[in-house]
2 protein chains.
Amino acid sequence: MYKVKRGLIRSYTIDEKGKEHIYMFGPENWIVADYCGPQEPCQLYIDVLEDGELEVTPKELPVEEIPDPDALLRRLQVMQNRIVMLMSSTAKERYEHFVQTYPDIIQRVPQKMIASYLGITPEALSRVRKALSNRE
Amino acid sequence: MYKVKRGLIRSYTIDEKGKEHIYMFGPENWIVADYCGPQEPCQLYIDVLEDGELEVTPKELPVEEIPDPDALLRRLQVMQNRIVMLMSSTAKERYEHFVQTYPDIIQRVPQKMIASYLGITPEALSRVRKALSNRE
DNA sequence: CTCGCGCATTGATGTAGATCAAGAAAGCAA
DNA sequence: TTGCTTTCTTGATCTACATCAATGCGCGAG
């Protein structure tokens with residue numbers, strides 16, 4: 001469980017076909033963690049995109065001492081939105097939503113990572129962007 | 001925030017095109033809630049599939065008094081899996097995973113709801129099932 | 001029983017986005 | 001600067017799944 005003080009990190013999985021899927025970005029003040037059970041192997045990888053400073057919490061911590069329970073609720077909310085979005089929106093809609101929600105992140109990571117976060121290929125994202133910029 | 005004592009409930013959204021998307025099923029001992037912010041309108045609907053008994057917690061409850069914080073962590077884990085799955089798996093893989101994970105629910109709800117949970121159409125689910133039963 | 005209605009199945013066709021391949025730009029090291 | 005690597009773009013084709021439409025199958029109400 002990492003709390004980002006400065007910098008930018010990402011967490012992602014690699015599926016059976018070897019493809020990376022970005023699960024979330026962690027800019028300043030976000031908490032990034034792999035919430036897997038106590039014994040099961042975690043399925044997320046985490047790495048650093050921009051140097052910075054992290055605060056690490058061991059996952060053995062008893063639940064009662066979770067530093068910021070509100071953050072958990074906010075996280076649930078974000079994930080809920082993400083699921084609804086993955087089920088009901090097109091690539092274009094998802095991208096527009098991402099731009100609105102995380103305008104700063106767009107500047108800070110390569111497009112292929114945004115594509116990966118959105119669940120589409122870099123090619124598809126490129127075309128979406130083109131379509132949007134054409135119709136101003 | 002509902003805790004299911006007996007019975008079966010579901011939560012779902014309705015998108016702009018009027019389509020329903022089942023967000024989760026709530027069998028015995030599950031907690032179902034819409035984790036939206038304090039003011040924003042909730043986006044989930046909840047209704048009952050099998051009569052039973054619910055325990056209701058008002059959402060104004062301060063975070064510290066959340067009855068079962070472990071449940072929140074488990075929930076995060078389930079949602080994490082769901083997101084990864086929506087991004088990386090085909091309809092068939094998602095269905096197989098669902099069957100393994102919730103074998104009982106399959107018996108209890110109509111297929112169209114399972115399709116909706118998986119993010120596919122009932123027709124597509126029907127074909128997936130046919131394909132699976134053909135190759136034994 | 002039988003009528004009606006929601007659910008499941010099946011087929012034909014459409015489409016968003018994936019995949020493959022090849023260039024063009026943009027970093028970045030030396 | 002030059003060259004090398006990585007990212008972005010563009011086009012052609014392919015495929016999983018959606019959509020539309022028709023048919024069959026329970027099942028509950030009358």
Side-chain angles (χ1 to χ4, degrees), chain A residues 8 10 12-22 25 45 47-51 82-99 102 105-136, chain B residues 8 10 12-22 25 47-51 82-99 105-136:
Chain A
L8 182 61
R10 77 202 244 252
Y12 61 99
T13 26
I14 299 184
D15 66 27
E16 326 74 53
K17 300 139 206 154
K19 263 185 78 172
E20 263 182 42
H21 301 274
I22 292 189
F25 293 107
Y45 300 82
D47 65 27
V48 171
L49 301 179
E50 285 173 13
D51 282 355
R82 186 109 184 267
I83 290 175
V84 168
M85 183 132 284
L86 283 171
M87 288 200 298
S88 66
S89 304
T90 63
K92 184 168 136 247
E93 292 165 337
R94 298 207 291 272
Y95 176 68
E96 289 173 322
H97 181 263
F98 184 84
V99 171
Y102 307 102
I105 293 192
I106 305 266
Q107 328 287 31
R108 296 164 69 184
V109 307
Q111 283 186 38
K112 51 178 273 194
M113 288 195 183
I114 295 173
S116 170
Y117 177 90
L118 296 175
I120 60 178
T121 57
E123 293 95 322
L125 177 57
S126 175
R127 287 185 243 263
V128 164
R129 284 165 51 85
K130 190 184 182 189
L132 287 176
S133 74
N134 278 351
R135 97 176 38 124
E136 254 70 324
Chain B
L8 182 61
R10 77 202 244 254
Y12 61 97
T13 25
I14 299 185
D15 66 27
E16 327 74 52
K17 299 140 207 154
K19 263 184 78 173
E20 263 181 42
H21 301 275
I22 292 189
F25 293 107
D47 63 29
V48 171
L49 300 179
E50 286 174 12
D51 282 356
R82 185 110 184 267
I83 290 175
V84 167
M85 184 131 283
L86 282 171
M87 288 200 298
S88 65
S89 305
T90 64
K92 183 167 138 249
E93 292 164 336
R94 297 208 292 272
Y95 176 69
E96 290 173 320
H97 180 262
F98 183 84
V99 171
I105 294 193
I106 307 265
Q107 328 288 31
R108 295 165 68 184
V109 306
Q111 282 186 38
K112 51 178 271 192
M113 289 195 183
I114 294 172
S116 169
Y117 177 91
L118 296 175
I120 60 178
T121 57
E123 293 96 324
L125 177 56
S126 174
R127 286 184 244 264
V128 163
R129 285 166 50 85
K130 190 185 182 189
L132 286 176
S133 74
N134 277 353
R135 100 176 38 124
E136 254 73 322

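Chain naming here is simple, since letters A, B, ... match the order of the sequence lines and numbering starts at 1 in each.
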For the residue pair A:Val128 and A:Lys92, what are the closest heavy atoms and their distance?
CG1-CA, 3.9 Å
Taking all atoms of both residues into account, what is the closest heavy-atom pair of B:Ser116 and B:Glu20, and its distance?
OG-O, 3.4 Å
Quick one: [X] [atom1] to [N] [atom2], roughly how many Å, whole number?
X	N	atom1	atom2	value
A:Met87	D:dA18	CE	P	13 Å
A:Ile120	C:dA16	CD1	P	14 Å
A:Lys112	C:dA25	NZ	C1'	16 Å
A:Tyr95	D:dC8	OH	P	11 Å
A:Leu125	D:dT9	CG	P	8 Å
B:Leu132	C:dT9	CG	C1'	15 Å
A:Leu86	C:dA16	CG	C1'	15 Å
A:Ile114	D:dT7	CD1	P	13 Å

Candidates B:Leu118, B:Ile120, B:Leu86 - the one meeting side-chain contact (heavy atoms from CB on, under 4.5 Å) with A:Met87
B:Leu86
Strictly distance-based, threshold 3.5 Å: is any side-chain N or O of A:Ser88 a donor or acceptor partner for the main-chain N or O of A:Val84?
yes
So, does [X] get its side chain near the phosphate of [N], meaning an N or O under 4.0 Å from OP1 or OP2?
X	N	value
B:Lys92	D:dT15	no
B:Lys130	C:dT10	yes
B:Thr121	D:dA18	yes

Residue [X], side-chain heavy atoms: nucleotide from [options] that is nearest:
X	options	value
A:Ala91	C:dA8, C:dG17, D:dC17	C:dG17
B:Pro110	C:dC7, D:dC17, D:dT19	C:dC7
A:Arg129	D:dA18, C:dT19, D:dT9	D:dT9

Any N/O donor-acceptor pair, A:Arg127 side-chain to C:dT19 base, under 3.5 Å:
yes
Do B:Glu123 and D:dC20 have a side chain to base donor-acceptor pair shorter than 3.5 Å?
yes
Relative to the 5' end of DNA chain C, which residue comes earlier, B:Val109 or A:Val128, by the nucleotide with the nearest heavy atom?
B:Val109
Can you confirm whether more than 12 heavy atoms, excluding those of A:Asp51, are under 6.0 Å from its CG atom?
no
Under 4.0 Å, heavy atoms only, any strand: does B:Lys17 hit a base, just the sugar-phosphate, or nothing?
nothing
